[in-house]
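Below is one structure, written out as structure tokens; the observations come after it.
Every heavy atom of this structure was used, including side-chain atoms; hydrogens, water molecules and symmetry mates were not.
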Amino acid sequence: MNSNPSNPDGGAAALVILVHGLWQSGLELFVMRRRLQADGSLRALFFSYPTIVGTMSNHVRRLIDCARAHQAERLHFVGHSLGGLVVLRALEVTDDLPPGRAVLLGSPLQGSRTAQSLAKLPFGRALLGGALSAECVDWSPREWSGRREVGVIAGSMGFGVGRLLANLDEAHDGTVLVEETRLPGAKDHLVVAASHTGLLVSPKVAAQTRHFLEHGAFQRDD
């Protein structure tokens with residue numbers, strides 16, 4: 001991939017760092033990356049981290065180091081599930097990164113009923129890892145007050161293992177409740193018909209992610 005591609009208008013393409021979720025490697029975001037890069041106005045790269053090894057502070061430090069290592073006039077972040085929490089925590093503790101926006105996909109920003117149920121099972125916390133346990137099991141209400149505009153996309157197609165572990169009696173994506181994705185202080189919030197994993201391959205989610213990164217709001221039909 002060209003390390004410094006240009007957009008059709010002649011300017012340098014903005015950089016998007018894609019951050020995967022629990023039990024993933026980053027390759028799950030390949031389709032999202034391809035769609036974001038389709039017209040050349042954005043260039044995207046994967047940030048990979050060991051989701052069940054290390055603390056949230058470890059993941060945050062590595063993400064910030066990754067962001068600082070790549071030169072860009074504009075720097076965006078897209079995080080899926082736990083990856084969205086890593087992005088948000090990184091943005092909370094640094095203010096010297098290039099300007100840009102962030103989109104969080106299906107991230108349990110207000111705790112996770114599914115994670116809390118899994119944590120009660122033998123070896124449950126080990127499966128979740130220290131970072132997710134701290135953020136979603138032993139959690140406190142979260143809001144955003146940073147300068148960077150943050151958009152959140154939640155799924156409402158309830159297919160996933162979460163419904164086998166917890167009583168998800170409200171709208172959910174199969175793993176995370178829509179209400180768990182709410183973030184006071186975020187610029188915009190959108191609910192789409194997609195499952196938790198389906199958020200990664202949905203054409204609509206990719207289009208809405210691109211729209212927010214470019215305009216600071218999701219596109220509404222009205």
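In terms of hydrophobic clustering, with Ile, Leu, Val, Met, Phe, Trp and Tyr side chains grouped at heavy-atom distances under 4.5 Å, Phe218 and Val191 are assigned to different clusters. Both Val19 and Ile52 belong to a single network of hydrophobic side chains, linked directly or stepwise wherever heavy atoms of I, L, V, M, F, W or Y lie under 4.5 Å apart. When hydrophobic clusters are built by joining Ile, Leu, Val, Met, Phe, Trp and Tyr residues whose side-chain heavy atoms come closer than 4.5 Å, directly or via intermediates, Leu105 is grouped together with Leu42. If you chain together hydrophobic residues whose side chains sit under 4.5 Å apart, Trp139 and Leu168 never meet in one group. Hydrophobic clustering places Leu121 together with Leu127 (ILVMFWY residues linked when any side-chain heavy atoms are closer than 4.5 Å, directly or through intermediates).
Counting non-hydrogen atoms of other residues, nucleotides and ligands closer than 6.0 Å to CD of Glu73 gives a total of 12 or fewer.
Side-chain atoms of Phe212 and Leu190, non-hydrogen and from C-beta on, never get closer than 4.5 Å to each other. No side-chain heavy atom of Leu109 sits less than 4.5 Å from a side-chain heavy atom of Arg182. At a threshold of 4.5 Å between non-hydrogen side-chain atoms, the residues Pro50 and Arg62 count as touching. The shortest side-chain heavy-atom distance between Thr114 and His172 does not fall under the 4.5 Å cut-off. Side-chain contact between Gln24 and Leu200 is present, with at least one heavy-atom pair separated by less than 4.5 Å. Between Lys120 and Ser117 there is no side-chain heavy-atom pair separated by less than 4.5 Å. For the pair Arg113/Glu180, a side-chain contact is recorded, criterion being any heavy-atom separation below 4.5 Å from C-beta on. Between Leu45 and Cys66 the shortest side-chain heavy-atom distance falls below 4.5 Å.
Residues passing the ring pair (Phe, Tyr, Trp, His ring centres under 6.0 Å) test with His20 are Tyr49, sequence neighbours excluded. For Arg34, there are no salt bridge (Lys or Arg N to Asp or Glu O under 4.0 Å) partners, not counting sequence neighbours. Under the rule for a ring pair (Phe, Tyr, Trp, His ring centres under 6.0 Å), the partners of His215 that lie at least two apart in sequence or sit in another chain are His211. The ring pair (Phe, Tyr, Trp, His ring centres under 6.0 Å) test applied to Phe77 returns no partner, not counting sequence neighbours.
Taking CD1 of Ile17 as the reference point, atom NE2 of His76 lies at 11.0 Å (rounded to 0.5 Å). Atom CZ of residue Arg68 and atom OG1 of residue Thr94 lie 4.5 Å apart, to the nearest 0.5 angstrom. Between the CG atom of Leu18 and the CG atom of Leu27 there is a distance of 11.5 Å, given to the nearest 0.5 Å. Note that the CZ atom of Arg210 and the CG atom of Leu36 stand 6.0 Å from one another [nearest 0.5 Å]. One finds the CG atom of Leu132 at 10.0 Å from the CZ atom of Arg125 (value rounded to the nearest 0.5 Å). One distance of note links CG of Leu88 with CG of Leu183; it measures 6.0 Å at 0.5 Å rounding.
Taking each heavy atom of Val192 and Lys204 in turn, the nearest pair found is CG1-CE, 4.1 Å. When every heavy atom of Gly106 is checked against every heavy atom of Val176, the shortest pair comes out as O-CG2, 3.6 Å. Nearest heavy-atom pair, Ala67 versus Leu97, reported as atom, atom and distance to 0.1 Å: CB-CD2, 4.0 Å. Residues Gly198 and Ala194 share a closest heavy-atom pair of C-CB, 4.2 Å. Between Pro141 and Gln110, the closest heavy-atom pair is CA-OE1, 3.5 Å. Annotation for Ala72 and Arg43: closest pair CB-NH2, 4.2 Å, computed over non-hydrogen atoms.
With hydrogens and angles disregarded, no donor-acceptor distance shorter than 3.5 Å links the side chain of Ser202 to the backbone of Leu199. No side-chain donor-acceptor contact under 3.5 Å links Gln219 to the backbone of Gln208.
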List the atom pairs, donor and acceptor, that lie under 3.5 Å between side-chain atoms in residues 78-87 and the rest of the protein, sequence neighbours left out.
unit_1	atom_1	unit_2	atom_2	d
His80	NE2	His196	O	2.9
Ser81	OG	His196	NE2	3.0

Walk me through whether Val93 and Ile64 qualify under side-chain contact (heavy atoms from CB on, under 4.5 Å).
CA-CA 9 Å; Val93 299; Ile64 293 173; 3.7 Å; yes
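Under the 3.5 Å distance criterion, with hydrogens and angles disregarded, no donor-acceptor pair is assigned to the side chains of Arg35 and Thr209.
Applying the salt bridge (charged side-chain N to carboxylate O under 4.0 Å, His left out) definition to pairs two or more places apart or across chains, those involving residues 82-94 are Arg89-Glu92, Arg89-Glu135.
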